[in-house]
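Note that the numbering runs from 1 along the sequence shown for the chain. Ligands are counted one by one from 1 in listed order, and the atoms in each one are counted from 1 as well.
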Amino acid sequence: MFADNPLCKVLGIQYPIIQGALAWISDGPFAAAVSNSGALGVIGPGMRPASEIIEEIEKARALTDKPFGVNVVLWPEQMEAHLKALFDAKVEIITTAISDPGNIIEMAHEHGALMLCLVGSVRHAQRLVAEGADVVIACSNEAGGHTGEIGGMVLVPAIADAVKVPVVASGGIADARGFAAALALGASGVQVGTRFVASKECPCHDNIKQAILHATEEDTLMTDHLSGSPMRGLRNRLLEEWARKEATATKQERRQHFKGRYKAAVYEGDTEMGSIPAGQVVGRIREIKSVNEIITDLVSGLEPVLDRLQRELS
Ligand SMILES: Cc1cc2nc3c(=O)[nH]c(=O)nc-3n(C[C@H](O)[C@H](O)[C@H](O)COP(=O)(O)O)c2cc1C
(Lines give C-alpha, C1' and ligand atoms only; values in the text may rest on other atoms or scores of the structure.)
Protein backbone atom coordinates (compact mmCIF):
# COMPACT_ATOMS: atom_id res chain seq x y z
CA MET A 1 0.00 0.00 0.00
CA PHE A 2 1.26 3.50 -0.90
CA ALA A 3 4.41 1.98 -2.46
CA ASP A 4 4.37 4.60 -5.24
CA ASN A 5 2.83 7.44 -3.28
CA PRO A 6 4.85 10.60 -4.04
CA LEU A 7 4.44 12.07 -0.53
CA CYS A 8 5.58 8.85 1.14
CA LYS A 9 8.58 8.77 -1.18
CA VAL A 10 9.60 12.39 -0.57
CA LEU A 11 9.23 12.15 3.22
CA GLY A 12 10.29 8.52 3.73
CA ILE A 13 7.07 7.61 5.57
CA GLN A 14 4.75 4.59 5.41
CA TYR A 15 1.37 6.35 5.12
CA PRO A 16 0.72 9.71 3.41
CA ILE A 17 -0.59 11.29 6.60
CA ILE A 18 0.91 14.36 8.27
CA GLN A 19 -0.03 15.29 11.82
CA GLY A 20 -0.60 19.04 11.59
CA ALA A 21 1.51 21.06 14.01
CA LEU A 22 -0.39 21.90 17.20
CA ALA A 23 1.20 24.97 18.83
CA TRP A 24 2.63 24.25 22.30
CA ILE A 25 0.88 20.84 22.27
CA SER A 26 2.53 18.56 19.72
CA ASP A 27 5.78 18.14 21.59
CA GLY A 28 8.66 15.75 20.89
CA PRO A 29 7.10 12.61 22.47
CA PHE A 30 3.76 13.27 20.75
CA ALA A 31 5.35 13.72 17.32
CA ALA A 32 7.44 10.58 17.90
CA ALA A 33 4.30 8.56 18.75
CA VAL A 34 2.73 9.67 15.45
CA SER A 35 5.88 8.88 13.46
CA ASN A 36 6.16 5.46 15.11
CA SER A 37 2.65 4.72 13.81
CA GLY A 38 3.74 5.28 10.20
CA ALA A 39 2.61 8.88 9.62
CA LEU A 40 4.68 12.07 9.90
CA GLY A 41 4.70 13.55 13.40
CA VAL A 42 5.31 17.31 13.57
CA ILE A 43 6.53 19.25 16.59
CA GLY A 44 4.52 22.47 17.02
CA PRO A 45 6.65 24.87 19.03
CA GLY A 46 4.27 27.86 18.86
CA MET A 47 6.11 30.68 20.64
CA ARG A 48 8.33 28.43 22.81
CA PRO A 49 11.89 29.66 23.28
CA ALA A 50 14.41 28.16 20.87
CA SER A 51 16.15 26.20 23.66
CA GLU A 52 12.91 24.30 24.35
CA ILE A 53 12.51 23.45 20.66
CA ILE A 54 15.91 21.81 20.72
CA GLU A 55 14.86 19.81 23.81
CA GLU A 56 11.71 18.61 22.04
CA ILE A 57 13.70 17.60 18.96
CA GLU A 58 16.08 15.62 21.17
CA LYS A 59 13.17 13.91 22.95
CA ALA A 60 11.64 12.94 19.59
CA ARG A 61 14.95 11.58 18.34
CA ALA A 62 15.32 9.47 21.49
CA LEU A 63 11.88 7.95 20.91
CA THR A 64 11.83 7.31 17.17
CA ASP A 65 14.17 6.60 14.31
CA LYS A 66 11.42 7.55 11.85
CA PRO A 67 11.22 10.94 10.10
CA PHE A 68 9.41 13.77 11.88
CA GLY A 69 9.03 17.47 11.16
CA VAL A 70 9.14 20.77 13.04
CA ASN A 71 6.78 23.68 12.34
CA VAL A 72 7.71 27.36 12.16
CA VAL A 73 4.97 29.94 12.58
CA LEU A 74 6.98 32.74 10.94
CA TRP A 75 6.11 35.45 13.46
CA PRO A 76 8.89 38.06 13.22
CA GLU A 77 9.57 38.12 17.01
CA GLN A 78 10.84 34.56 17.05
CA MET A 79 11.45 33.48 13.48
CA GLU A 80 15.20 34.00 13.35
CA ALA A 81 15.91 32.21 16.65
CA HIS A 82 13.58 29.34 15.75
CA LEU A 83 15.14 28.84 12.33
CA LYS A 84 18.63 28.89 13.79
CA ALA A 85 17.58 26.20 16.31
CA LEU A 86 16.12 24.06 13.51
CA PHE A 87 19.17 24.44 11.29
CA ASP A 88 21.61 23.81 14.17
CA ALA A 89 19.67 20.67 15.09
CA LYS A 90 19.77 19.58 11.43
CA VAL A 91 16.00 19.14 11.22
CA GLU A 92 15.20 17.44 7.92
CA ILE A 93 11.55 18.41 7.48
CA ILE A 94 10.12 21.87 8.17
CA THR A 95 6.45 22.80 7.87
CA THR A 96 5.17 26.35 7.82
CA ALA A 97 1.96 27.91 9.02
CA ILE A 98 -0.14 29.74 6.42
CA SER A 99 2.00 32.70 5.35
CA ASP A 100 4.82 33.66 3.02
CA PRO A 101 8.06 31.96 3.98
CA GLY A 102 10.06 34.09 1.51
CA ASN A 103 13.77 33.26 1.42
CA ILE A 104 13.36 30.70 4.21
CA ILE A 105 12.74 28.02 1.58
CA GLU A 106 16.15 28.66 0.05
CA MET A 107 17.81 28.80 3.48
CA ALA A 108 16.18 25.51 4.48
CA HIS A 109 17.43 23.83 1.31
CA GLU A 110 20.95 25.09 1.98
CA HIS A 111 20.68 23.35 5.37
CA GLY A 112 19.40 20.13 3.79
CA ALA A 113 15.78 20.47 4.96
CA LEU A 114 12.61 19.87 2.97
CA MET A 115 10.00 22.65 3.06
CA LEU A 116 6.32 21.76 3.39
CA CYS A 117 4.35 24.98 3.03
CA LEU A 118 0.74 25.62 4.02
CA VAL A 119 -1.13 27.56 1.32
CA GLY A 120 -4.67 28.89 0.96
CA SER A 121 -5.03 29.49 -2.78
CA VAL A 122 -3.77 28.40 -6.20
CA ARG A 123 -1.76 31.62 -6.61
CA HIS A 124 -0.16 31.12 -3.21
CA ALA A 125 0.73 27.50 -4.06
CA GLN A 126 2.20 28.41 -7.45
CA ARG A 127 4.29 31.20 -5.96
CA LEU A 128 5.76 28.99 -3.22
CA VAL A 129 6.44 26.13 -5.62
CA ALA A 130 8.27 28.61 -7.88
CA GLU A 131 10.30 29.60 -4.79
CA GLY A 132 11.19 25.93 -4.22
CA ALA A 133 8.54 24.46 -1.83
CA ASP A 134 8.94 20.67 -1.85
CA VAL A 135 5.32 19.97 -0.84
CA VAL A 136 2.30 22.24 -0.60
CA ILE A 137 -0.37 21.71 2.01
CA ALA A 138 -3.72 23.02 0.75
CA CYS A 139 -5.43 24.55 3.78
CA SER A 140 -9.19 24.64 3.29
CA ASN A 141 -11.68 26.82 5.09
CA GLU A 142 -12.96 24.14 7.45
CA ALA A 143 -9.50 23.65 9.04
CA GLY A 144 -8.73 24.36 12.66
CA GLY A 145 -6.27 27.13 13.56
CA HIS A 146 -5.13 29.62 10.92
CA THR A 147 -7.14 28.83 7.88
CA GLY A 148 -7.83 29.71 4.25
CA GLU A 149 -10.99 31.14 2.71
CA ILE A 150 -11.73 28.41 0.15
CA GLY A 151 -13.50 25.10 0.72
CA GLY A 152 -11.50 21.90 0.22
CA MET A 153 -13.67 20.47 -2.58
CA VAL A 154 -12.59 23.39 -4.76
CA LEU A 155 -9.15 24.16 -3.37
CA VAL A 156 -7.54 20.71 -3.42
CA PRO A 157 -8.20 19.78 -7.08
CA ALA A 158 -7.40 23.33 -8.20
CA ILE A 159 -3.98 23.20 -6.52
CA ALA A 160 -3.36 19.59 -7.58
CA ASP A 161 -3.91 20.67 -11.22
CA ALA A 162 -1.71 23.75 -10.88
CA VAL A 163 1.55 22.43 -9.38
CA LYS A 164 3.91 19.52 -9.96
CA VAL A 165 4.98 18.85 -6.33
CA PRO A 166 2.97 16.57 -3.99
CA VAL A 167 -0.17 18.26 -2.69
CA VAL A 168 -1.53 17.50 0.78
CA ALA A 169 -5.15 18.24 1.70
CA SER A 170 -5.59 19.86 5.10
CA GLY A 171 -8.86 20.68 6.83
CA GLY A 172 -11.87 18.60 7.76
CA ILE A 173 -10.24 15.17 7.69
CA ALA A 174 -10.73 12.81 10.63
CA ASP A 175 -11.58 9.45 9.11
CA ALA A 176 -11.05 7.22 6.09
CA ARG A 177 -13.91 8.80 4.14
CA GLY A 178 -12.19 12.18 4.33
CA PHE A 179 -8.83 10.58 3.51
CA ALA A 180 -10.27 8.79 0.45
CA ALA A 181 -12.05 11.96 -0.67
CA ALA A 182 -8.78 13.93 -0.48
CA LEU A 183 -7.01 11.32 -2.61
CA ALA A 184 -9.92 11.38 -5.08
CA LEU A 185 -9.58 15.16 -5.34
CA GLY A 186 -5.98 14.78 -6.46
CA ALA A 187 -4.06 15.10 -3.20
CA SER A 188 -1.19 12.72 -2.50
CA GLY A 189 -1.88 12.79 1.22
CA VAL A 190 -3.62 14.50 4.11
CA GLN A 191 -2.74 16.71 7.04
CA VAL A 192 -4.84 16.08 10.14
CA GLY A 193 -4.96 18.45 13.12
CA THR A 194 -8.10 18.56 15.28
CA ARG A 195 -8.55 14.74 15.26
CA PHE A 196 -5.11 14.37 16.88
CA VAL A 197 -5.98 16.82 19.68
CA ALA A 198 -8.62 14.32 20.86
CA SER A 199 -6.03 11.55 21.23
CA LYS A 200 -4.83 9.71 24.35
CA GLU A 201 -1.25 10.91 23.94
CA CYS A 202 -2.08 14.56 23.25
CA PRO A 203 -0.63 16.54 26.16
CA CYS A 204 -3.41 19.13 26.34
CA HIS A 205 -5.96 19.49 29.15
CA ASP A 206 -8.71 16.86 29.18
CA ASN A 207 -11.41 19.58 29.17
CA ILE A 208 -10.33 20.50 25.64
CA LYS A 209 -10.60 16.90 24.44
CA GLN A 210 -14.06 16.64 26.04
CA ALA A 211 -15.14 19.95 24.45
CA ILE A 212 -14.17 18.54 21.04
CA LEU A 213 -16.09 15.31 21.65
CA HIS A 214 -19.22 17.26 22.59
CA ALA A 215 -19.06 19.83 19.78
CA THR A 216 -21.05 19.64 16.54
CA GLU A 217 -19.89 20.90 13.14
CA GLU A 218 -21.73 24.17 13.89
CA ASP A 219 -19.70 24.87 17.00
CA THR A 220 -16.66 26.62 15.54
CA LEU A 221 -16.23 30.27 14.70
CA MET A 222 -13.80 31.97 12.33
CA THR A 223 -12.47 35.32 13.52
CA ASP A 224 -9.24 37.25 13.15
CA HIS A 225 -8.30 36.20 16.66
CA LEU A 226 -4.79 35.87 18.15
CA SER A 227 -2.77 37.04 15.13
CA GLY A 228 -5.06 39.10 12.91
CA SER A 229 -5.31 36.39 10.21
CA PRO A 230 -8.46 34.26 9.86
CA MET A 231 -8.48 31.55 12.49
CA ARG A 232 -11.06 28.89 13.32
CA GLY A 233 -11.67 27.88 16.90
CA LEU A 234 -14.30 26.35 19.16
CA ARG A 235 -17.19 28.75 19.69
CA ASN A 236 -17.19 29.94 23.30
CA ARG A 237 -17.63 33.16 25.28
CA LEU A 238 -14.12 34.39 24.40
CA LEU A 239 -14.70 34.12 20.63
CA GLU A 240 -18.30 35.32 20.65
CA GLU A 241 -17.34 38.46 22.58
CA TRP A 242 -14.51 39.03 20.11
CA ALA A 243 -16.68 38.41 17.02
CA ARG A 244 -18.96 41.25 18.16
CA LYS A 245 -16.14 43.78 18.28
CA GLU A 246 -13.44 42.61 15.87
CA ALA A 247 -14.55 44.85 12.98
CA THR A 248 -13.75 48.02 14.92
CA ALA A 249 -11.16 46.82 17.46
CA THR A 250 -7.52 47.88 17.39
CA LYS A 251 -4.52 45.52 17.35
CA GLN A 252 -3.86 46.49 20.94
CA GLU A 253 -7.42 45.49 21.93
CA ARG A 254 -7.00 42.16 20.15
CA ARG A 255 -3.76 41.51 22.00
CA GLN A 256 -5.47 42.32 25.30
CA HIS A 257 -8.49 40.15 24.56
CA PHE A 258 -6.41 37.06 23.76
CA LYS A 259 -3.45 37.58 26.10
CA GLY A 260 -2.69 34.25 27.81
CA ARG A 261 -5.94 32.76 26.48
CA TYR A 262 -4.38 29.96 24.43
CA LYS A 263 -2.38 28.55 27.33
CA ALA A 264 -5.41 29.01 29.62
CA ALA A 265 -7.26 26.65 27.29
CA VAL A 266 -4.72 24.00 26.44
CA TYR A 267 -2.92 23.76 29.81
CA GLU A 268 -5.56 24.89 32.36
CA GLY A 269 -8.63 23.61 30.52
CA ASP A 270 -10.58 26.89 30.42
CA THR A 271 -13.17 26.10 27.75
CA GLU A 272 -15.19 29.33 28.16
CA MET A 273 -12.52 32.04 28.17
CA GLY A 274 -9.68 30.03 26.61
CA SER A 275 -8.75 30.12 22.93
CA ILE A 276 -9.22 26.64 21.41
CA PRO A 277 -8.21 26.30 17.75
CA ALA A 278 -10.37 23.57 16.20
CA GLY A 279 -11.85 22.71 12.82
CA GLN A 280 -15.42 22.00 11.72
CA VAL A 281 -14.46 18.33 11.83
CA VAL A 282 -15.11 18.43 15.60
CA GLY A 283 -18.59 17.29 14.56
CA ARG A 284 -17.11 13.97 13.37
CA ILE A 285 -15.01 13.19 16.46
CA ARG A 286 -16.81 11.19 19.14
CA GLU A 287 -14.09 9.19 20.88
CA ILE A 288 -10.64 9.72 22.31
CA LYS A 289 -8.31 7.25 20.63
CA SER A 290 -4.58 6.59 20.64
CA VAL A 291 -2.65 8.12 17.76
CA ASN A 292 -1.97 4.60 16.52
CA GLU A 293 -5.71 3.84 16.45
CA ILE A 294 -6.43 7.10 14.61
CA ILE A 295 -3.85 6.33 11.94
CA THR A 296 -4.88 2.66 11.67
CA ASP A 297 -8.55 3.72 11.26
CA LEU A 298 -7.62 6.21 8.53
CA VAL A 299 -5.72 3.59 6.56
CA SER A 300 -7.76 0.44 7.18
CA GLY A 301 -10.99 2.30 6.44
CA LEU A 302 -9.92 3.06 2.86
CA GLU A 303 -10.85 -0.32 1.45
CA PRO A 304 -14.48 -0.28 2.70
CA VAL A 305 -14.80 3.20 1.14
CA LEU A 306 -13.55 1.84 -2.20
CA ASP A 307 -15.89 -1.17 -1.94
CA ARG A 308 -18.80 1.17 -1.36
CA LEU A 309 -17.82 3.28 -4.37
CA GLN A 310 -17.61 0.20 -6.53
CA ARG A 311 -21.08 -0.89 -5.41
CA GLU A 312 -22.44 2.58 -6.16
CA LEU A 313 -20.89 2.52 -9.63
CA SER A 314 -21.86 -1.03 -10.60
C1 LIG B 1 -4.98 23.26 18.54
C2 LIG B 1 -4.37 23.56 17.20
C3 LIG B 1 -3.14 24.22 17.11
C4 LIG B 1 -2.56 24.49 15.86
N5 LIG B 1 -1.33 25.08 15.81
C6 LIG B 1 -0.70 25.23 14.61
C7 LIG B 1 0.62 25.75 14.54
O8 LIG B 1 1.25 26.10 15.53
N9 LIG B 1 1.19 25.87 13.31
C10 LIG B 1 0.54 25.49 12.16
O11 LIG B 1 1.11 25.60 11.07
N12 LIG B 1 -0.72 25.00 12.20
C13 LIG B 1 -1.34 24.86 13.40
N14 LIG B 1 -2.61 24.31 13.45
C15 LIG B 1 -3.23 23.84 12.18
C16 LIG B 1 -2.98 22.32 12.00
O17 LIG B 1 -1.61 22.05 11.89
C18 LIG B 1 -3.69 21.75 10.76
O19 LIG B 1 -3.26 22.40 9.59
C20 LIG B 1 -5.21 21.88 10.86
O21 LIG B 1 -5.64 21.57 12.16
C22 LIG B 1 -5.88 20.93 9.85
O23 LIG B 1 -7.27 21.05 9.89
P24 LIG B 1 -8.22 20.11 10.81
O25 LIG B 1 -8.11 20.70 12.17
O26 LIG B 1 -9.55 20.25 10.20
O27 LIG B 1 -7.67 18.71 10.75
C28 LIG B 1 -3.23 24.08 14.68
C29 LIG B 1 -4.48 23.45 14.76
C30 LIG B 1 -5.04 23.17 15.99
C31 LIG B 1 -6.37 22.45 16.04
Side-chain angles (χ1 to χ4, degrees), residues 17-27 30-31 34 39-48 53 56 69-75 78-79 82 93-101 104 115-120 135-148 151-152 155-156 168-175 178-179 181-182 187 189-199 202-205 207-209 211-212 215 217 219-220 222 225-227 229-234 261-267 269 271 274-285 294 298:
I17 301 169
I18 298 175
Q19 163 250 309
L22 308 169
W24 295 88
I25 306 176
S26 56
D27 55 13
F30 184 78
V34 173
L40 184 80
V42 178
I43 296 174
M47 298 284 272
R48 278 177 198 267
I53 303 182
E56 296 308 320
V70 184
N71 180 252
V72 280
V73 285
L74 305 176
W75 282 338
Q78 59 174 16
M79 198 174 69
H82 276 195
I93 299 172
I94 298 176
T95 72
T96 60
I98 203 158
S99 53
D100 269 315
I104 292 170
M115 283 295 288
L116 284 48
C117 301
L118 199 65
V119 297
V135 170
V136 287
I137 305 174
C139 181
S140 60
N141 181 259
E142 56 268 63
H146 284 118
T147 186
L155 183 71
V156 175
V168 174
S170 179
I173 298 156
D175 59 23
F179 189 8
V190 291
Q191 171 157 291
V192 175
T194 304
R195 171 65 270 198
F196 280 116
V197 179
S199 67
C202 181
C204 75
H205 198 285
N207 289 358
I208 304 305
K209 300 182 191 184
I212 290 175
E217 54 284 349
D219 289 334
T220 69
M222 200 163 104
H225 85 275
L226 285 185
S227 64
S229 312
M231 177 141 181
R232 188 176 291 288
L234 269 192
R261 296 290 96 209
Y262 183 66
K263 284 195 194 168
V266 298
Y267 292 153
T271 53
S275 162
I276 312 168
Q280 291 176 331
V281 76
V282 286
R284 307 279 321 141
I285 302 171
I294 292 170
L298 281 164

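Scanning both residues, Gly151 and Ser140, for their nearest heavy atoms gives C-CB, 3.9 Å.
Lys209 places no side-chain N or O within 3.5 Å of a backbone atom of Val197 that could act as its donor or acceptor partner.
In this structure the side chain of Asp27 reaches within 4.5 angstrom of the side chain of Arg48, judged on heavy atoms.
Among residues two or more places apart in sequence or in another chain, the side chain to side chain donor-acceptor pair (under 3.5 Å) test is passed with Thr147 by none. In this view, Ser26 and Gln19, Leu22, Phe30 satisfy the side chain to side chain contact (heavy atoms under 4.5 Å, CB included) rule, not counting sequence neighbours. For Thr220, the side chain to side chain donor-acceptor pair (under 3.5 Å) partners two or more places apart in sequence, or in a different chain, are Arg232.
Sorted by chain and number, the heavy-atom contacts of ligand 1 below 4.0 Å come from Gly20, Ala21, Leu22, Ala23, Asn71, Val73, Ala97, Ala143, Gly144, Ser170, Gly171, Gly172, Gln191, Val192, Gly193, Thr194, Tyr262, Pro277, Val281.
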